[in-house]
Amino acid sequence: MRRCSRTGCTNPAVATLTYAYADSTAVVGPLATYSEPHSYDLCEEHALRLTVPRGWEVVRHEGEFAVPQPSVDDLTALAEAVREAGRADRPVEPPEVPSTTGRRGHLRVLPDPVDD
């Protein structure tokens, strides 16, 4: 369950806030399916009390915000991922060891002295 993005708030998120800077508009709508880097999840209290700078407009979802319930698909996908990660017969590939000396920025990869 996603939580409100406001500092110190532990309430469940029910709305998503996004900004349209070109239009000086803040949009508060129903909770987005996925958390996006340039959007903010808000609880009902913060979604309803949101204020914007002078000259900006708020476009707000009309109606009530509801806490989304996890779907069967979400729970099934999570259970399958955990099951797959915990399989004992899952092949584990050893990390690839470079055969030559390589350089990446300030780090240097040296060959294993045991192989020499």
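Hydrogens, waters and symmetry mates play no part in the numbers below; they use all other heavy atoms, side chains included.
Shortest non-hydrogen contact noted between Cys43 and Asn11 is CB-CB, 3.6 Å. Smallest separation of non-hydrogen atoms from Arg60 and Arg49: NH1-N, 4.4 Å.
Annotation: the span from Trp56 atom CH2 to Asp23 atom CG amounts to 9.0 Å, rounded to 0.5 Å. Distance check: Tyr19 OH to Ser24 OG gives 12.0 Å after rounding to the nearest 0.5 Å.
Hydrophobic clustering (ILVMFWY, side-chain heavy atoms < 4.5 Å, transitive): Val14 and Val27 are in distinct clusters. Under the 4.5 Å side-chain heavy-atom criterion for grouping Ile, Leu, Val, Met, Phe, Trp and Tyr, Leu48 is connected to Tyr40 within one hydrophobic cluster. A single hydrophobic cluster is not seen to contain both Tyr34 and Leu17; linkage of ILVMFWY side chains at heavy-atom distances under 4.5 Å, directly or through other members, places them apart.
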Chi angles and distances behind the side chain to side chain contact (heavy atoms under 4.5 Å, CB included) call for Arg3, Cys9: CA-CA 8 Å; Arg3 298 276 176 211; Cys9 184; over 6 Å; no
Thr25/Val58 under side chain to side chain contact (heavy atoms under 4.5 Å, CB included): CA gap, chis, key distance, verdict: CA-CA 6 Å; Thr25 303; Val58 177; over 6 Å; no
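For Arg2, the side chain to side chain contact (heavy atoms under 4.5 Å, CB included) test picks out Ala13, Thr16, Leu31, Ala32, Ser35, Asp41, with sequence neighbours left out.
A heavy-atom distance below 4.5 Å is found between the side chains of Leu42 and Arg6.
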